[in-house]
Trainee: 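Can you keep this structure in mind? I'll have questions shortly.
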Amino acid sequence: MTAVYLAAVRRCPALRDVARATLRQVAGSGRVGLFVPLLQSSDDATLRVLRSLLGDPELAVGGVTLDEFLRADEAALVRIVAAYVELAARCDTVIVVGSDYSSPLAPVEFGANATIAANLGAAMVLVADDADVARVAIKDARRRHALVSGVLYLGSGREDLGVPTQRVELASSVLTRSFRLSSDLLEVPGEPPMTPLRFEGGLLRRARAVGQHIVLPEGDEERILRAAHRLLAEKTCRLTLLGDAAAVKGRAKELGLNLDAAEVVDPATSPLRERFAARYAELRAKKGVTLEQARERVADVSYFGTMMVLEGIADGMVSGAVNTTAHTIRPSLEVVKTRPGVSVVSSVFLMCLADRVLVFGDCAVNPNPNAAQLADIAISSAETARAFGIEPRVAMLSYATGDSGSGPDVDLVVAATEEVRSRAPGLAVDGPLQYDAAVDPDVGTRKRPGSPVAGRATVLIFPDLSAGNAAYKAVQRSANALAIGPVLQGLNKPVNDLSRGALVEDIVNTVAITAIQGGAA
C-alpha cells in the first residue's frame with residue numbers, strides 16, 4: 001500500500017489544487033483513498049470537495065478536528081492513527097492532505113503534520129514557495145522521523161533542496177488543470193521509520209484480520225474489563241472472560257463498559273469443568289493426579305483458561321494482571337507444553353523506540369540459560385520477530401565483540417551462536433557482539449566489518465536474565481521506549497503473561513499479540 005502525505009510548509013492556497021491533481025493522477029492505481037487527519041470542522045471543506053473525485057466516496061475519511069487536536073494532541077494522534085489504519089487496510093493508495101495553516105495551530109502546524117506523517121508511515125511531499133523555509137521543514141520532518149520523498153516548489157529560480165524537487169511557476173495561486181506531480185515525488189524512498197503508534201496500530205489491524213478467540217481468566221479485574229471493552233469495540237478478537245457472570249457484568253455496568261459481545265464463563269459451574277478435569281487427569285496421571293484432584297485444579301481460572309486453549313475452545317490466553325507469572329505459566333508447562341524441537345519456553349519484549357522496533361530476549365523467564373537453551377531463545381525470538389513483520393537479524397550479546405574478550409561467559413555466547421548457525425542456516429546471526437556494535441552502524445562497521453548483523457540488529461539476545469531484564473528496563477525508562485511484553489514463545493499454543501502493574505494499553509497490546517500468535521500457529 002502506497003501512502004503520500006501532501007503538506008504545505010506554510011500558508012498555501014494551492015495545496016487543495018495539488019491534492020485534486022494528485023487524486024486524478026493516481027485514479028487508475030487500484031482502490032484510492034483520501035485521508036484528512038486534521039479537519040477544520042466536522043464538515044471539512046477539503047474532505048467534502050475532494051471526496052467527489054474518488055471512485056468510492058466511502059474511502060474519503062477524516063481524523064480529528066483541529067480543536068480536538070489542540071485540546072489533547074496525544075489522544076487525538078491515537079485516534080488519527082486508528083482511523084488511518086482502518087482506511088489503509090481497504091486501499092492500494094492513500095493520499096493524505098495536510099492542514100492549511102488557517103487555525104490557532106498555525107505556529108506549530110508543520111511539526112504536527114510531520115509527526116502525523118511519521119506515525120502513519122506516509123512519505124511527505126512538501127509544498128513550498130520559499131527555498132529557505134523548505135530546507136528548514138525538511139530538517140524538521142526528519143527530526144520527527146518522517147520520510148520526505150520530495151518538494152513541489154512553487155517559486156522562481158533553480159533551487160537545490162537536497163531531495164527530488166519539481167519546480168512550478170504560478171501566474172496566480174491556482175495550478176492549471178493539466179498539472180501532474182513528478183513521478184519522483186510519488187515514489188516512496190525506502191521503508192518509513194516504525195514509530196510506536198504505527199506499530200501498535202499494525203498490531204490491532206493484524207489481530208483483527210486473523211479473527212482469533214482469546215480467554216481472559218481475570219474477568220473481574222477493572223483493567224481487564226476496560227481492555228475488553230476496547231478490544232470488543234474495535235473488533236480486535238472474540239473474548240471469553242472467566243468469573244462469576246453476575247459479578248463480571250455488574251462491575252462492567254458500574255464502569256459504563258459494554259461487554260455484550262463477550263462470553264462470561266464461571267469455571268466453578270461450567271459444564272466444561274468435568275470434561276477438562278477428565279482430560280487434565282489423563283495428561284497428569286503419571287504425576288499421580290486423580291480425577292477428584294483434577295476437578296479442583298481446573299476450577300482455578302488459570303487452569304480452566306489453559307484447558308480452553310488446549311482443547312481448542314480458545315486460541316490463546318492472557319493473564320497475570322492479578323496472578324503471578326508462575327500461576328499463569330505453570331498450567332501451560334503442564335499441559336500445553338513446548339513445540340517440537342524447542343527445549344525451553346522463553347520470552348521477548350518488543351521495544352518500540354522513536355523510529356524502530358527491536359526484539360529483546362530473554363528478559364523474563366530463564367535466569368541462566370546454557371548454550372543450547374540460548375540458541376533456542378535466539379531461534380524462537382527470530383520467529384517471533386518475523387511474525388510481527390520485523391526482519392530478524394540476530395545479535396548474540398556479550399561484553400566482547402568477536403575475539404576482543406575471553407572467558408566462560410564469552411565462550412557460552414560463541415557456542416550458542418554456532419548452534420544457531422547449525423540449526424537455522426538461513427538466519428542472519430552473529431556473536432558475540434557488544435550492544436553498541438549490534439545497533440550502531442558506525443560502531444558495528446569498526447568493530448565487526450563484514451558482519452551481516454553488526455550495526456543493524458533487530459533481535460538482541462542477552463546472555464542471561466539479569467542482563468536482559470536490566471537492559472529492557474534501562475531502555476524503557478531512559479529512552480522513553482514503549483515495552484510490549486513479555487511475549488512468551490516456544491509453547492504449542494499462545495499463552496502470555498501480564499505484569500501486575502500492566503496498564504489497559506498494555507493489556508490491549510498483549511491480547512492483540514496473542515491473537516496474532518494464534519493466527520500464525
Side-chain angles (χ1 to χ4, degrees), residues 1-40 44-57 59-62 87 91-102 109-110 113-114 116-117 120 122-138 141 146-189:
M1 202 280 298
T2 301
V4 174
Y5 197 118
L6 303 174
V9 301
R10 62 184 183 184
R11 180 78 170 143
C12 178
L15 180 61
R16 192 181 296 174
D17 286 334
V18 175
R20 183 184 287 109
T22 305
L23 284 170
R24 290 197 187 101
Q25 189 171 336
V26 301
S29 55
R31 288 172 64 81
V32 177
L34 168 70
F35 188 62
V36 181
L38 296 173
L39 303 166
Q40 291 292 336
D44 183 80
T46 297
L47 186 62
R48 186 178 67 253
V49 169
L50 297 178
R51 176 181 279 125
S52 62
L53 300 177
L54 296 180
D56 181 357
L59 296 181
V61 175
L87 171 65
C91 298
D92 301 300
T93 302
V94 178
I95 302 301
V96 186
V97 183
S99 52
D100 65 1
Y101 295 80
S102 61
E109 200 152 341
F110 180 79
N113 280 281
I116 293 168
L120 301 185
M124 298 185 81
V125 173
L126 307 186
V127 182
D129 59 2
D130 183 283
D132 291 332
V133 175
R135 290 191 192 94
V136 172
I138 292 169
L147 194 63
V148 178
S149 64
V151 175
L152 176 64
Y153 182 58
L154 309 177
S156 58
R158 187 177 182 85
E159 297 291 349
D160 179 12
L161 295 172
V163 295
T165 304
Q166 177 181 357
R167 186 170 65 83
V168 178
E169 290 193 44
L170 297 178
S172 67
S173 62
V174 179
L175 291 170
T176 64
R177 185 174 177 82
S178 61
F179 168 79
R180 292 174 64 86
L181 267 181
S182 164
S183 59
D184 288 349
L185 272 62
L186 290 176
E187 291 178 1
V188 178

Trainee: Check the side chains of Ser102 and Gln40 for a donor-acceptor pair under 3.5 angstrom, ignoring hydrogens and angles.
Mentor: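 A pair is found: one side chain offers a donor N or O, the other an acceptor, under 3.5 Å apart.
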Trainee: Start with the C-alpha gap between Thr93 and Arg31, add the side-chain angles, then the distance that decides, and say whether side-chain contact (heavy atoms from CB on, under 4.5 Å) holds.
Mentor: CA-CA 6 Å; Thr93 302; Arg31 288 172 64 81; over 6 Å; no
Trainee: So which of Leu126, Val127, Val9 actually passes side-chain contact (heavy atoms from CB on, under 4.5 Å) with Val151?
Mentor: Leu126
Trainee: Would you check, one step at a time, whether the test side chain to side chain donor-acceptor pair (under 3.5 Å) holds for Asp92 with Ser29?
Mentor: CA-CA 7 Å; Asp92 301 300; Ser29 55; over 6 Å; no
Trainee: Quick one: pull up OG1 in Thr46 and CG in Leu39 and give me the separation to the nearest 0.5 Å.
Mentor: 9.0 Å
Trainee: At their closest point, which heavy atom of Val188 faces which heavy atom of Ala3, and how far apart are they?
Mentor: CG2-O, 4.3 Å
Trainee: Closest heavy-atom contact between Ser149 and Val125?
Mentor: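 In terms of heavy atoms, the two residues are closest at OG-CG2, 3.4 Å.
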Trainee: Report yes if the side chains of Leu47 and Leu34 come closer than 4.5 Å at any heavy-atom pair, otherwise no.
Mentor: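 Yes, at least one pair of side-chain atoms sits under 4.5 Å.
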Trainee: side-chain contact (heavy atoms from CB on, under 4.5 Å) between Leu6 and Ile95: does it pass, once the steps are laid out?
Mentor: CA-CA 7 Å; Leu6 303 174; Ile95 302 301; 3.9 Å; yes
Trainee: For the residue pair Thr22 and Val4, establish whether any side-chain heavy-atom pair is separated by less than 4.5 Å.
Mentor: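 No - every pair of side-chain heavy atoms lies 4.5 Å or more apart.
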Trainee: Once side chain to side chain contact (heavy atoms under 4.5 Å, CB included) is applied, do any residues pair with Arg10, and if so which ones, sequence neighbours excluded?
Mentor: Asp129, Asp130, Val133
Trainee: Has Ser183 got a side-chain atom pairing as donor or acceptor with Leu181's backbone, closer than 3.5 angstrom?
Mentor: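 Judged by distance alone, no pair lies under 3.5 Å.
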Trainee: Quick one: closest heavy-atom pair of Pro37 and Tyr5, and the distance?
Mentor: CG-OH, 3.5 Å
Trainee: If I take atom CZ from residue Arg11 and atom OG from residue Ser99, how far apart are they, to the nearest 0.5 angstrom?
Mentor: 10.5 Å
Trainee: Minimum heavy-atom separation for Met124 and Ala7, please, with both atom names.
Mentor: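 Heavy-atom minimum between the residues: CE-CB, 3.6 Å.
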Trainee: Measure across Gly98 and Asn113 and return the closest heavy-atom pair with its distance rounded to 0.1 Å.
Mentor: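 So the two residues come closest at CA-OD1, 3.3 Å.
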Trainee: Any pair with a residue in residues 11-35 that passes ring-ring contact (aromatic ring centres under 6.0 Å, His included), sequence neighbours left out, goes on the list, sorted by first then second residue, please.
Mentor: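 Qualifying pairs: Phe35-Tyr84.
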Trainee: Rounded at 0.5 Å granularity, tell me how far CD in Glu109 sits from CG in Asp100.
Mentor: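 Those atoms lie 6.5 Å apart.
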Trainee: Decide yes or no for Phe179 and Leu152: does some side-chain heavy atom of the first lie under 4.5 Å from some side-chain heavy atom of the second?
Mentor: yes
Trainee: Compare every heavy atom of Val32 with every heavy atom of Leu59, then report the nearest pair and how far apart it is.
Mentor: CD1-O, 3.6 Å
Trainee: Would you please test Val94 and Thr2 for side-chain contact (heavy atoms from CB on, under 4.5 Å) and show each step?
Mentor: CA-CA 6 Å; Val94 178; Thr2 301; over 6 Å; no
Trainee: Quick one: does any side-chain atom of Gln166 pair with a main-chain N or O of Leu185 as donor and acceptor, under 3.5 Å?
Mentor: no
Trainee: Working to the nearest 0.5 angstrom, can you tell me the gap between Asp17 CG and Leu154 CG?
Mentor: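 Between Asp17 CG and Leu154 CG, I get 10.0 Å after rounding to 0.5 Å.
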